[in-house]
Every structure is written in C-alpha cells, then in structure tokens.
**Student:** 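This is the structure, below, for whatever I ask next.
Any value given below was found using the heavy atoms of this structure, including those in side chains, with hydrogens, waters and symmetry copies removed.
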Amino acid sequence: MADAKSSKKKQRRSVPSGQLHIQATFNNTIVTFTDKKGNALAASSAGACGFRGSKKGTAYASQVAAEKAAEAAKGLYGLKSVDVFVKGVGLGRDAAIRARGGFDIAVDSIKDVTGVPHGGVRPRKARRA
C-alpha cells in the first residue's frame, strides 16, 4: 500500500519561461505565475499574506504577495523569464512587477490587459424638471 502512494508523487517539471499575471484592484492584488499555456504554477494575494481590510489594497501588500509567489515559482519550477500581464487599476500594479526583480526573473514583455467597456449598460432615465 505504501508503494502505491509513493509512485503517485507529482513529477517536478522545469519551466524556464512563463507568464506573470497581476490583477490589481482597489481592495486586493492577486499575483499568479503560469506556464506559457496559462496553467497556474504558483499564486498568492495580499489577503493570503495576512493583510486585512484596507491594507490589502496597498503597494506594499502587493509587493509581499509577488515575492511569495516568485519564491514558490522559482524554487519549484526554476522559472527564469516571464511575460507580464497587468489587469486592473490598483496601487499594486508597479510594486508587484518590481518585486520579482529580487528573484532574478527576467521580464520579456509587459502588457496591460485591463478590460475596457465599449457600449456599457443602458443609461438612467432623464430627470424631470
């Protein structure tokens, strides 16, 4: 029985280049390292790093979250270079990109993928005078 369990151990694969997705809202910052196809390797958020309430939306909280995710991605998968995709308008946009610099992960490109509404919802009725 012990044999079957040990043979099911996950194979440690090497992913030299991948993607870094940063979702920065006013309330939180979510950092995810993925492979080139978009399969998640390591993820972290300001809330998962122990920040609560309005502190989750700060630049420092996103920096800590990015460091935690980068450490996991570099240690487990040997990530060396990333393409960065930034989504949102929060304070943690730049801080999360700068944080991965301490882990010797090179940035190939930075792309803003923030959603932009075109059309939108129906406007309110006009006020009567």
**Student:** Can you find a pair of side-chain heavy atoms, one from Y77 and one from D35, that are under 4.5 Å apart?
**Tutor:** no
**Student:** Please state whether the rings of F85 and H21 are parallel, tilted or perpendicular, taking 30° and 60° as the class boundaries.
**Tutor:**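 Parallel.
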**Student:** Does the distance from a Lys or Arg side-chain N to an Asp or Glu carboxylate O, for K36 and D83, drop under 4.0 Å?
**Tutor:** yes
**Student:** Side-chain contact, heavy-atom cut-off 4.5 Å: R100 with V107?
**Tutor:** yes
**Student:** May I ask whether I110 and L20 are part of the same hydrophobic cluster, defined by side-chain heavy atoms of I, L, V, M, F, W, Y residues being less than 4.5 angstrom apart, directly or through others?
**Tutor:**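 Yes, one cluster joins them.
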**Student:** Is the shortest side-chain heavy-atom distance between I105 and K74 below 4.5 Å?
**Tutor:**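 Heavy-atom side-chain distance check passes, below 4.5 Å.
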**Student:** Please name the pair of heavy atoms, one in K55 and one in A61, separated by the smallest distance, quoted to 0.1 Å.
**Tutor:**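 So the minimum-distance heavy-atom pair works out to O-CB, 3.4 Å.
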**Student:** Between D108 and V82, is there a side-chain heavy-atom distance shorter than 4.5 Å?
**Tutor:**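 Counting from C-beta outward, V82 and D108 never come under 4.5 Å.
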**Student:** Taking all atoms of both residues into account, what is the closest heavy-atom pair of A43 and A69, and its distance?
**Tutor:**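 Shortest heavy-atom contact: C-CB, 4.2 Å.
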**Student:** If every non-hydrogen atom of V31 is compared with every non-hydrogen atom of A96, which pair is closest and at what distance?
**Tutor:** CG2-CB, 4.4 Å
**Student:** To the nearest 0.5 Å, tell me how far K56 NZ sits from S62 OG.
**Tutor:**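 It is 13.5 Å, given to the nearest 0.5 Å.
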**Student:** Using the side chain to side chain contact (heavy atoms under 4.5 Å, CB included) rule, pick out the option among I97, V113, T114 that qualifies with V86.
**Tutor:**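 Testing each of I97, V113, T114 against V86, the sole residue satisfying side chain to side chain contact (heavy atoms under 4.5 Å, CB included) is I97.
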**Student:** So P16 and S81, do their side chains get closer than 4.5 Å, heavy atoms only?
**Tutor:**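 Heavy-atom side-chain distance check fails, nothing below 4.5 Å.
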**Student:** Measure the OG-CG distance between S14 and L79 for me, rounded to the nearest 0.5 Å.
**Tutor:** 9.0 Å
**Student:** Using side-chain contact (heavy atoms from CB on, under 4.5 Å), reason through I22 and V84 one step at a time and then give a plain yes or no.
**Tutor:** CA-CA 8 Å; I22 301 166; V84 181; 4.0 Å; yes
**Student:** Give me the atom names and distance for the closest heavy-atom approach of A66 to A99.
**Tutor:**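 Smallest heavy-atom distance, with atoms named: CB-CB, 3.8 Å.
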**Student:** Is there a side-chain contact between E67 and E71 (heavy atoms, below 4.5 Å)?
**Tutor:**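 Result no, sub-4.5 Å side-chain heavy-atom pair not found.
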**Student:** Specify the closest pair of heavy atoms between C49 and S44, including all atoms of both residues, with the distance to one decimal.
**Tutor:** SG-OG, 3.4 Å
**Student:** Is the closest basic N to carboxylate O distance between R93 and D112 below 4.0 Å?
**Tutor:** yes
**Student:** Drop me the distance from T29's OG1 to Y60's OH, to the nearest 0.5 angstrom.
**Tutor:**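 Going from the OG1 atom of T29 to the OH atom of Y60 covers 14.0 Å.
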**Student:** Could you pull out all residues at least two apart from D94 that satisfy salt bridge (charged side-chain N to carboxylate O under 4.0 Å, His left out)?
**Tutor:**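 Expected list: none.
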**Student:** Hydrophobic clusters here meaning ILVMFWY residues chained together by side-chain heavy-atom distances under 4.5 Å, can you tell me if F103 and V64 are in one?
**Tutor:** no
**Student:** Between N28 and A46, what is the shortest heavy-atom contact and its length?
**Tutor:** OD1-CB, 3.2 Å
